[in-house]
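Right, one structure below, let's go through it.
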Amino acid sequence: IFYRRLIQMANLEKQLRDYKEQGKPLKYLINYMLSMEQYDEMDVLNMMIWLDYEESEVIETLEYDFAIDMSEYKESR
């Protein structure tokens, strides 16, 4: 199961990198990832940071554009 998830994440990373190179906005990438049930906001945050987005920008987008409460994450840092 872990190996399958690892392969899925690698494929997702490639797809998101392609979208980023095509000029798709961060909001589009986040929406794409959240549309897949197996990923939550922490998966999104980690992937977007991996794709070289600023953590604060990703958190702000999750909070304001997707109405996801990220206060627990911010407090745990």
Side-chain angles (χ1 to χ4, degrees):
I1 293 174
F2 176 76
Y3 181 72
R4 184 181 315 145
R5 180 155 167 94
L6 193 61
I7 296 295
Q8 289 173 342
M9 290 297 283
N11 290 337
L12 176 63
E13 178 189 351
K14 183 185 180 323
Q15 183 65 55
L16 292 172
R17 282 197 188 279
D18 288 347
Y19 284 151
K20 185 178 179 184
E21 289 174 7
Q22 293 169 15
K24 302 284 186 192
L26 175 60
K27 185 176 176 180
Y28 182 92
L29 275 66
I30 292 173
N31 187 59
Y32 179 81
M33 196 168 170
L34 287 175
S35 70
M36 299 176 207
E37 291 181 14
Q38 68 264 38
Y39 303 115
D40 64 12
E41 60 272 7
M42 291 309 300
D43 294 324
V44 170
L45 178 61
N46 290 327
M47 178 63 80
M48 296 307 143
I49 291 170
W50 183 253
L51 295 174
D52 298 324
Y53 285 98
E54 290 293 324
E55 179 183 50
S56 60
E57 180 185 9
V58 177
I59 289 172
E60 185 176 301
T61 302
L62 286 168
E63 288 182 324
Y64 296 111
D65 293 327
F66 294 93
I68 296 174
D69 181 9
M70 296 297 289
S71 59
E72 281 187 38
Y73 172 77
K74 290 189 280 189
E75 290 172 5
S76 70
R77 295 184 52 227

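The figures here come from the full heavy-atom set of this structure, side chains too, leaving out hydrogens, waters and symmetry mates. Note that the coordinates shown come from a computational prediction; the quantities given were computed from them, not determined experimentally.
- Looking at heavy atoms from C-beta onward, Met42 lies in side-chain contact with Leu45 at the 4.5 angstrom threshold.
- Pairing each heavy atom of Arg5 with each of Gln38, the nearest pair is NH1-O, 3.7 Å.
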Does the side chain to side chain donor-acceptor pair (under 3.5 Å) test come out yes or no for Tyr73 and Glu55, once each step is laid out? CA-CA 11 Å; Tyr73 172 77; Glu55 179 183 50; 2.2 Å; yes
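- The closest side-chain heavy-atom distance from Val58 to Glu54 is not below 4.5 Å.
- Taking a 6.0 Å sphere around CD of Gln22, one finds it holds more than 12 heavy atoms contributed by other residues, nucleotides or ligands.
- Note that CE of Met36 and CG of Asp43 are 11.5 Å apart. Values are rounded to the nearest 0.5 Å.
- Of the inter-residue distances, the one linking Ser35 atom OG with Ile30 atom CD1 reads 12.0 Å to the nearest 0.5 angstrom.
- Between the OH atom of Tyr28 and the CG atom of Asp65 there is a distance of 15.5 Å, given to the nearest 0.5 Å.
- Cation-pi check for Lys20 over Tyr53 is met; the charged atom lies under 6.0 angstrom from the ring centroid and within 45 degrees of its normal.
- Put simply, CD on Gln15 and CG on Asp18 are 6.0 Å apart, with the number rounded to the nearest 0.5 Å.
- A salt bridge between Glu21 and Arg17 is absent, with no side-chain N of the basic residue lying under 4.0 Å from a carboxylate O of the acidic one.
- For the pair Tyr39 and Leu12, the minimum side-chain heavy-atom distance is below 4.5 Å.
- Inter-residue side-chain proximity for Glu57 and Ile59 is flagged as unmet; no heavy-atom pair is nearer than 4.5 Å.
- Remark: Leu16 CG to Lys24 NZ distance equals 12.0 Å, nearest 0.5 Å.
- Side-chain N or O atoms of Asn11 include none that pairs as donor or acceptor with a backbone N or O of Gln8 at under 3.5 Å.
- Atom OH of residue Tyr32 and atom CE of residue Met47 lie 10.5 Å apart, to the nearest 0.5 angstrom.
- The backbone N or O of Thr61 sits nowhere less than 3.5 Å from a side-chain atom of Lys27 that would complete a donor-acceptor pair.
- The shortest heavy-atom contact between Leu34 and Glu41 is CD2-N, 4.4 Å.
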